[in-house]
Amino acid sequence: MKTRTVDTTQELAAFLRTRRERLDPQDFGLPSRRQARRTPGLRREEVAELAGVSTDYVVRLEQARGLRPSADVVEALARALRLPPAERAYLFNLAQQRPRDTDKPADAPAPPLARLVDDLSPLPAMLLNHRYDILAWNGEMARLLLDFDTLPPSQRNAMWLCLMHPEIRALYVDRERVVREGIAHLRAAWAAHPEDRALTGLITECTSHNEEFARLWAEQDIRVNGRGRKVLRHPDAGVIAVHFEVLTPLEDPDQRLVIYRAADEESRAALDRLCAR
């Protein structure tokens with residue numbers, strides 16, 4: 001049995017046909033027609049009207065005649081066909097286009113993820129969005145880093161804290177690397193969310209009021225670091241080395257679950273003492 005590579009033109013045609021045929025005309029408030037429908041679902045001209053394209057264009061797409069629709073056309077077809085998020089992403093992949101970001105940035109934790117953060121105890125854990133806003137945390141993370149409840153919501157941002165908060169500024173042994181990697185992540189997030197005014201405001205504030213941020217931002221480094229090691233100098237527990245893991249939930253892709261684990265036995269003992277207080 002031979003495995004063939006995907007012919008995206010043929011798959012796009014078949015996908016559009018099957019999604020058109022599964023739709024119920026009554027759900028769209030379409031007028032009844034005297035002529036009986038010979039095929040299930042919507043007619044091609046109906047999809048074309050809903051998407052704002054010509055019927056001939058839809059016909060050629062469904063016949064795999066070599067068209068490559070633009071991102072705007074793909075978005076219009078996804079709306080016309082009422083595709084759920086996973087199928088919308090699949091359609092964009094087949095068309096080899098990049099979807100516009102339509103999800104509202106997360107400003108509050110998804111309740112299941114907030115519960116998961118608590119359930120991860122005794123591992124320090126927290127929930128961030130793409131701006132590094134801290135949305136949820138457990139007691140172990142608060143003891144290790146900072147009691148975020150003592151901060152106003154506007155200051156609960158990991159990047160801002162690392163730059164501006166005296167306790168966090170002194171916490172990381174290799175602080176410049178942590179800041180550099182954080183800024184490289186923010187630049188990638190800025191490109192992925194160009195319409196996020198809150199993110200733009202954060203970058204503007206940090207650039208204007210922090211020379212270190214302005215210098216590193218100008219280097220235009222791009223990096224998304226989902227795994228690594230940090231060494232912290234805790235005022236009560238001493239030096240603690242941790243491995244961190246950043247996970248992105250499929251159901252809430254704008255939220256990132258950050259989990260710390262002790263990197264060695266000495267750090268594990270220090271974390272245990274800290275969290276037992």
Side-chain angles (χ1 to χ4, degrees), residues 100-110 113-114 117 124-138 141-235 240 242 244-248 252-260:
R100 294 192 302 272
D101 183 36
T102 59
D103 294 329
K104 183 180 178 182
D107 293 318
L113 295 179
V117 168
M126 60 182 172
L127 196 65
L128 310 177
N129 62 13
H130 68 270
R131 293 189 294 257
Y132 275 150
D133 292 335
I134 302 169
L135 306 179
W137 58 92
N138 59 16
M141 186 62 83
R143 294 184 189 95
L144 179 62
L145 299 185
L146 185 69
D147 185 357
F148 303 113
D149 271 326
T150 63
L151 301 174
S154 61
Q155 293 182 8
R156 293 175 191 166
N157 179 275
M159 188 78 259
W160 188 93
L161 290 170
C162 199
L163 293 169
M164 309 292 189
H165 196 283
E167 291 182 31
I168 300 297
R169 282 179 58 88
L171 185 64
Y172 295 104
V173 173
D174 191 359
R175 181 180 170 280
E176 181 169 348
R177 178 181 63 83
V178 173
V179 173
R180 182 183 295 275
E181 291 178 355
I183 292 173
H185 165 88
L186 276 187
R187 182 172 282 280
W190 182 57
H193 303 269
E195 298 177 359
D196 186 348
R197 294 182 180 180
L199 176 58
T200 300
L202 172 66
I203 293 169
T204 301
E205 178 187 359
C206 292
T207 304
S208 302
H209 296 93
N210 188 275
E211 293 182 2
E212 181 183 26
F213 184 96
R215 172 177 59 84
L216 294 175
W217 180 262
E219 294 181 6
Q220 296 191 324
D221 287 342
I222 306 295
R223 186 172 183 179
V224 179
N225 209 8
R227 178 180 294 137
R229 187 176 187 271
K230 294 179 180 179
V231 181
L232 296 79
R233 188 181 294 108
H234 195 276
I240 300 176
V242 296
F244 69 87
E245 197 79 26
V246 183
L247 308 177
T248 302
D252 299 283
D254 191 52
Q255 303 193 25
R256 286 112 172 94
L257 180 62
V258 182
I259 306 169
Y260 284 1

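What's counted below: heavy atoms across the whole structure, side chains too, no hydrogens, waters or symmetry copies.
Using modelled atom types, no side-chain atom of Ser208 and backbone atom of Glu205 make a donor-acceptor pair closer than 3.5 Å. Without hydrogens or angle criteria, His193 side chain to Thr200 main chain gives no donor-acceptor distance under 3.5 Å. For the pair His234 (side chain) and Arg143 (backbone), a donor-acceptor distance under 3.5 Å is present. Checking side-chain atoms of Arg156 against main-chain N and O of Leu135 turns up no donor-acceptor pair under 3.5 Å.
Under a 4.0 Å N-O distance rule, the pair Arg180/Glu212 does not qualify as a salt bridge. Using a 4.0 Å cut-off between charged nitrogen and carboxylate oxygen, Arg131 and Asp196 count as a salt-bridge pair. Arg177 and Glu181 are joined by a salt bridge, as a carboxylate oxygen and a charged side-chain nitrogen come within less than 4.0 angstrom of each other.
Annotation: the span from Leu146 atom CG to Glu167 atom CD amounts to 5.5 Å, rounded to 0.5 Å. We find the CG-CD1 distance between Asn210 and Ile183 to be 7.5 Å, quoted to the nearest 0.5 Å. Here the SG atom belonging to Cys162 is positioned 11.5 Å from the CZ atom belonging to Phe213, to the nearest 0.5 angstrom. For the atom pair Leu127 CG and Ile134 CD1, the distance stands at 10.5 Å (nearest 0.5 Å). Put simply, CD1 on Ile259 and CE on Met141 are 9.0 Å apart, with the number rounded to the nearest 0.5 Å. One finds the CD1 atom of Ile203 at 10.5 Å from the CE atom of Met159 (value rounded to the nearest 0.5 Å).
By the 4.5 Å heavy-atom criterion applied to side chains, Trp137 and Asp149 are counted as neighbours. For the pair Leu163/Val179, a side-chain contact is recorded, criterion being any heavy-atom separation below 4.5 Å from C-beta on. Between Leu247 and Arg256 there is no side-chain heavy-atom pair separated by less than 4.5 Å. A 4.5 Å side-chain heavy-atom check between Asp133 and Leu128 finds every atom pair outside the cut-off. Side chains of Leu144 and Tyr260 form a contact here, defined as non-hydrogen atoms less than 4.5 Å apart. With contacts defined as side-chain heavy-atom distances shorter than 4.5 Å, the pair Leu232/Val173 does not qualify. Two residues are said to be in side-chain contact when any heavy atoms from C-beta on lie closer than 4.5 Å; Tyr132 and Leu161 fail this criterion. Contact check for Leu199 versus His130: side-chain heavy atoms found under the 4.5 Å cut-off.
Looking at every heavy atom in both residues, Ala125 comes nearest to Val117 through O-CG1, 3.6 Å. Minimum interatomic distance between Ala191 and Pro194 (heavy atoms only, all atoms of both residues): O-CD, 3.5 Å.
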### Query
What's the verdict on side chain to side chain contact (heavy atoms under 4.5 Å, CB included) for Glu245 and Leu257, showing C-alpha distance, side-chain angles and the deciding distance?
CA-CA 8 Å; Glu245 197 79 26; Leu257 180 62; over 6 Å; no
### Query
Under the side chain to side chain contact (heavy atoms under 4.5 Å, CB included) criterion, do Asp221 and Leu216 qualify, and how do the steps go?
CA-CA 8 Å; Asp221 287 342; Leu216 294 175; over 6 Å; no
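More than 12 heavy atoms of other residues, nucleotides or ligands shown are found within 6.0 angstrom of CD on Glu219.
Checked by atom type, the side-chain pair Asn129/Asp254 shows no donor-acceptor distance below 3.5 Å.
Under the ring-ring contact (aromatic ring centres under 6.0 Å, His included) criterion, Trp190 pairs with Trp217, sequence neighbours left out.
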